[in-house]
Number of protein chains: 2
Amino acid sequence: MQKNKNGIEKGVLLPRPSSNETQFFDEEWSDEDFKNIIRKLNLKVTPQRMIILNCLHKNRKHITAQELFEKVQKLNEDIGFATVYRFLKDLALGHAVTEVRMGGMPARYELTPKKHHDHMTCTECGRIVEFQNKSIEQHQEKVAEQFGFKLTHHVLELYGICPSCQTHE
Amino acid sequence: MQKNKNGIEKGVLLPRPSSNETQFFDEEWSDEDFKNIIRKLNLKVTPQRMIILNCLHKNRKHITAQELFEKVQKLNEDIGFATVYRFLKDLALGHAVTEVRMGGMPARYELTPKKHHDHMTCTECGRIVEFQNKSIEQHQEKVAEQFGFKLTHHVLELYGICPSCQTHE
DNA sequence: TTTGCAAATGATAATCATTCTCATTAAATT
DNA sequence: AATTTAATGAGAATGATTATCATTTGCAAA
Ligand SMILES: [Zn+2]
Ligand SMILES: [Zn+2]
Ligand SMILES: [Zn+2]
Ligand SMILES: [Zn+2]
């Protein structure tokens with residue numbers, strides 16, 4: 001496993017720092033929202049799936065399947081790993097969750113927000129900043145038009161060194 | 001494996017189409033360039049590494065480690081899979097190659113071009129368009145400034161339906 | 001050129017995220 | 001309630017990636 005100079009595994013998400021240079025968007029989600037998500041994917045509403053979606057929402061963003069499984073188990077012993085994994089995949093296929101991969105690490109998931117945002121990640125400490133930039137989105141559409149593509153989604157991940165990691169040399 | 005409506009595996013790179021809506025940037029690379037790449041990573045220049053870089057350059061872009069290994073073997077029976085794999089990882093770490101992942105499929109690699117570009121991929125047929133957009137790059141820098149980040153690199157992948165796939169319904 | 005050492009190599013085994021299988025259970029529709 | 005079809009859970013299978021280690025090689029000092 002790659003480590004940075006502090007011995008921290010690169011790319012591992014740290015607990016949310018509360019520093020002002022970090023930004024997370026929070027959103028409200030109701031059980032009705034979740035049921036609609038499931039139905040839109042032509043899947044059946046089950047207690048397992050409701051629990052999985054609730055855990056996805058309530059817990060830290062950018063969670064791995066394994067981590068999510070552990071959270072889910074605390075609410076219901078009997079939910080299997082395969083169910084969590086399978087459902088995450090179904091959700092990702094329908095863009096109801098966003099799958100983020102970094103290096104060869106396990107995929108991380110977050111509920112696709114109602115209001116789109118992109119990510120900027122510090123490669124030293126793993127800190128993540130969420131941002132919205134209308135101009136970038138507009139220029140993406142222009143590129144698509146230019147080649148006649150109809151865009152369905154995109155991945156924009158910025159990587160760099162955060163202020164704190166620049167300071168600590 | 002996920003398939004689209006034509007039974008083609010989604011996300012698999014097809015041979016370069018020659019249609020006008022597709023765009024690839026080609027670049028010249030010399031053996032000296034390759035030696036410099038290796039030295040910049042503090043690695044030693046070996047025949048194996050030179051062959052691997054030459055194969056990366058000469059063959060289709062966005063190649064998997066396995067595919068590259070097969071190409072390399074045609075030039076030298078004795079080069080092992082581990083050598084190819086390891087070197088690709090070293091190159092990716094130093095951003096000398098760009099690693100692209102889609103779904104759970106094996107990573108695909110391309111020589112990081114001298115002139116940066118990003119990708120737009122058709123989710124139906126796998127066609128890839130490479131594009132350069134100065135405005136997007138500038139706005140990315142603005143976002144970074146806003147949060148005090150020093151950008152090192154980024155991933156921008158647009159996904160959509162290409163003109164040809166829109167037509168064929 | 002010979003020698004010494006650190007790095008690279010190649011074969012193979014190990015790891016581990018992801019996917020599959022299948023017997024059982026549950027959701028939705030009538 | 002009965003029928004139909006999808007979902008579930010346990011575990012095995014898959015397959016990409018990584019690690020290990022004995023051997024070889026690059027490189028530079030003597
Ligand atoms: Zn965006
Ligand atoms: Zn940082
Ligand atoms: Zn770019
Ligand atoms: Zn297409």
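From a predicted model like this one, the values you see are computed outputs, not experimental measurements.
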Exercise. Considering only side-chain heavy atoms of B:R49, which listed nucleotide, C:dA8, D:dG9, D:dA19, is closest?
Worked result: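 Output: C:dA8.
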Problem set entry | Heavy-atom pair of closest approach, residues B:L151 and B:A144 |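 Closest approach of B:L151 to B:A144, heavy atoms only: CG-CB, 3.5 Å.
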Problem set entry | Closest non-hydrogen atom pair, B:V97 against B:L88 |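 Nearest pair, atom of B:V97 first, then B:L88: CG2-O, 3.8 Å.
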Round to the nearest Å and state the distance from [X] atom [atom1] to [N] atom [atom2].
X: A:I38; N: C:dA28; atom1: CD1; atom2: P; value: 9 Å
X: B:L53; N: C:dA8; atom1: CG; atom2: P; value: 14 Å
X: A:Y109; N: C:dA17; atom1: OH; atom2: P; value: 12 Å
X: A:L41; N: D:dA6; atom1: CG; atom2: P; value: 15 Å
X: B:M50; N: C:dA8; atom1: CE; atom2: C1'; value: 16 Å
X: A:F69; N: C:dA17; atom1: CZ; atom2: P; value: 13 Å
X: A:L43; N: C:dA28; atom1: CG; atom2: P; value: 11 Å
X: B:D90; N: C:dT9; atom1: CG; atom2: P; value: 9 Å

Looking only at atom types and distance, does a side-chain atom of [X] sit under 3.5 Å from a main-chain N or O of [Y], one as donor and one as acceptor?
X: B:Q166; Y: A:G148; answer: yes
X: B:T112; Y: B:H95; answer: yes
X: A:K114; Y: A:E28; answer: yes

Exercise. Between the axis at one end of the helix from C:dT1-D:dA30 to C:dT30-D:dA1 and the axis at the other (five pairs apiece), what's the angle to 10 degrees?
Worked result: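 Comparing the first five pairs with the last five, the axes sit 40° apart.
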Exercise. If Ile, Leu, Val, Met, Phe, Trp and Tyr residues are connected whenever their side-chain heavy atoms lie under 4.5 Å apart, and connections chain through other members, are A:I161 and A:L158 in the same group?
Worked result: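 The answer is no; the residues belong to distinct hydrophobic clusters.
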For this session: Considering just the side-chain nitrogens and oxygens of B:K89, establish if one lies under 4.0 Å of OP1 or OP2 belonging to D:dT17.
Result: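 No.
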Problem set entry | Summary of protein contacts for nucleotides 21-30 of chain D, nucleotide by nucleotide, where a base hit scores B, a sugar-phosphate-only hit scores S (4.0 Å, heavy atoms) | -----SS---
Problem set entry | Residue pair B:Q73 / B:F81, side-chain heavy-atom distance below 4.5 Å |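 Side chain of B:Q73 against side chain of B:F81, heavy atoms only: no contact under 4.5 Å found.
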Exercise. Do B:E99 and B:K89 sit within salt-bridge range, that is, some charged N less than 4.0 Å from a carboxylate O?
Worked result: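 Salt bridge flag = yes for B:K89 with B:E99.
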Exercise. With a 3.5 Å cut-off and no angle check, do the side chains of B:Q138 and A:H139 form a donor-acceptor pair?
Worked result: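 No, A:H139 and B:Q138 have no side-chain donor paired with an acceptor closer than 3.5 Å.
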Problem set entry | Any side-chain donor near an acceptor of the partner, B:H116 and B:H153, under 3.5 Å |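 B:H116 vs B:H153: no donor-acceptor pair found between side chains.
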Taking only N/O atoms, report every protein-nucleotides 14-16 of chain D pair under 3.5 Å with atom names and distance.
none

Exercise. Looking at B:I37, B:L91, B:I38, which hits side chain to side chain contact (heavy atoms under 4.5 Å, CB included) with B:L43?
Worked result: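 That would be B:I38.
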Exercise. Looking across every strand, which nucleic acid part, if any, lies under 4.0 Å from A:F81 by heavy atom: base, sugar-phosphate, or nothing?
Worked result: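 Result for A:F81 = base.
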